[in-house]
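Here is the structure we will look at.
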Amino acid sequence: MRVMGVDPGLTRCGLGAVEGRPGAPLRLVKVGVVRTPADDEIGVRLVAIEAGIERWLDEVRPDAVAVERVFAQHNLRTVMGTAQASAVAILCASRRGLPVALHTPSEVKAAITGSGTADKRQVGTMVTRLLRLEEMPKPADAADALALAICHVWRGGAQNRLAEAVAKTRTEPTTTAAAYFRGRGRAGYSRGTTQ
């Protein structure tokens with residue numbers, strides 16, 4: 001299963017994709033950030049984030065997208081920007097019919113490090129080890145996006161099975177009942193008669 005993680009932010013939106021399944025080694029697909037200038041208008045910044053996420057979705061072709069769940073902060077401006085970037089990521093994935101999962105920061109930290117209160121360095125160190133990387137992904141937003149993707153691979157459960165089913169239907173031809181009966185004609189089924 002291939003999962004793209006999104007650590008939403010207006011200035012730096014972290015993106016990372018991994019491939020794997022629970023109990024098996026994970027593989028890094030891609031990691032990076034989409035950046036927008038802080039002095040640009042909000043609309044321009046959101047369009048730039050959308051374009052960046054769309055490019056990633058085209059290139060990575062994930063089975064599911066994991067986005068950090070926005071939580072209350074003391075800085076209202078920061079939380080609003082995070083929520084807006086998060087909504088863009090959810091929209092981009094949903095437009096393509098991809099399953100979207102939201103994971104809280106403490107859920108991700110606990111999945112990656114075993115502690116829901118781990119700091120960014122601890123998360124980055126564990127991401128580096130889990131993906132067998134030579135160095136820690138930078139900036140921290142990129143490592144956080146990978147942590148989101150790893151968390152989803154490990155904890156996705158039913159969502160993982162749904163994503164796998166969706167991915168499978170993309171590669172296999174589908175047959176609807178209507179197409180089946182059209183191809184077989186009326187002789188393909190029997191209808192009860194009334195007297």
Pair listing, side-chain hydrogen bond (donor to acceptor under 3.5 Å, both in side chains) test, anchored in residues 111-125, at least two apart | S115-T117, K120-D144
Between L28 and L131, what is the shortest heavy-atom contact and its length?
-> N-CD2, 4.0 Å
Does the pair E107/R69 count as a salt bridge with the N-to-O cut at 4.0 Å?
-> no
Answer whether the closest heavy-atom distance between the side chains of V65 and P99 falls below 4.5 Å.
-> no
G81 versus L10, closest heavy-atom pair with distance = CA-CD1, 3.5 Å
Would you check if the side chain of R21 reaches a backbone N or O of M1 as a donor-acceptor pair within less than 3.5 Å?
-> no
Does some side-chain heavy atom of D7 sit less than 4.5 Å from a side-chain heavy atom of L148?
-> yes
Shortest non-hydrogen contact from V70 toward A83 = CG2-CA, 3.7 Å
Check whether any side-chain heavy atom of P137 lies under 4.5 Å from a side-chain heavy atom of V31, and answer yes or no.
-> yes
Tell me whether L102 is reachable from L91 by hopping between hydrophobic residues (I, L, V, M, F, W, Y) whose side-chain heavy atoms are closer than 4.5 Å.
-> no
d(T104 OG1, E68 CD) to nearest 0.5 Å is 8.5 Å
Counting only heavy atoms not in R27, do more than 12 fall under 6.0 Å of its CZ?
-> yes
Taking all heavy atoms of P8 and all of S86, pick out the closest pair and write down the distance.
-> CB-N, 3.5 Å
Does any non-hydrogen side-chain atom of L130 lie less than 4.5 Å from one of W154?
-> yes
With no hydrogens and no angle check, is any side-chain donor or acceptor of R12 less than 3.5 Å from a backbone partner on A142?
-> no
First locate atom NE2 of H152, then atom NE2 of H103, and finally report the distance between them rounded to the nearest 0.5 Å.
-> 5.0 Å
Tell me, do L57 and M4 make a side-chain contact under 4.5 Å, heavy atoms counted?
-> yes
Give the C-alpha distance, both sets of side-chain angles, the deciding distance and a yes or no for side-chain contact (heavy atoms from CB on, under 4.5 Å) between M136 and M126.
-> CA-CA 9 Å; M136 189 182 306; M126 284 307 297; over 6 Å; no
Indicate yes or no: does E54 engage R96 in a salt bridge with an N to O separation below 4.0 Å.
-> yes
Would you call T128 and E135 a side-chain contact if the rule is heavy atoms closer than 4.5 Å?
-> no
Side chain to side chain, C13 and V33, heavy atoms closer than 4.5 Å | no
Who passes side chain to side chain donor-acceptor pair (under 3.5 Å) against T36, sequence neighbours left out?
-> R45
Salt bridge present between E19 and K30 (N-O < 4.0 angstrom) | no
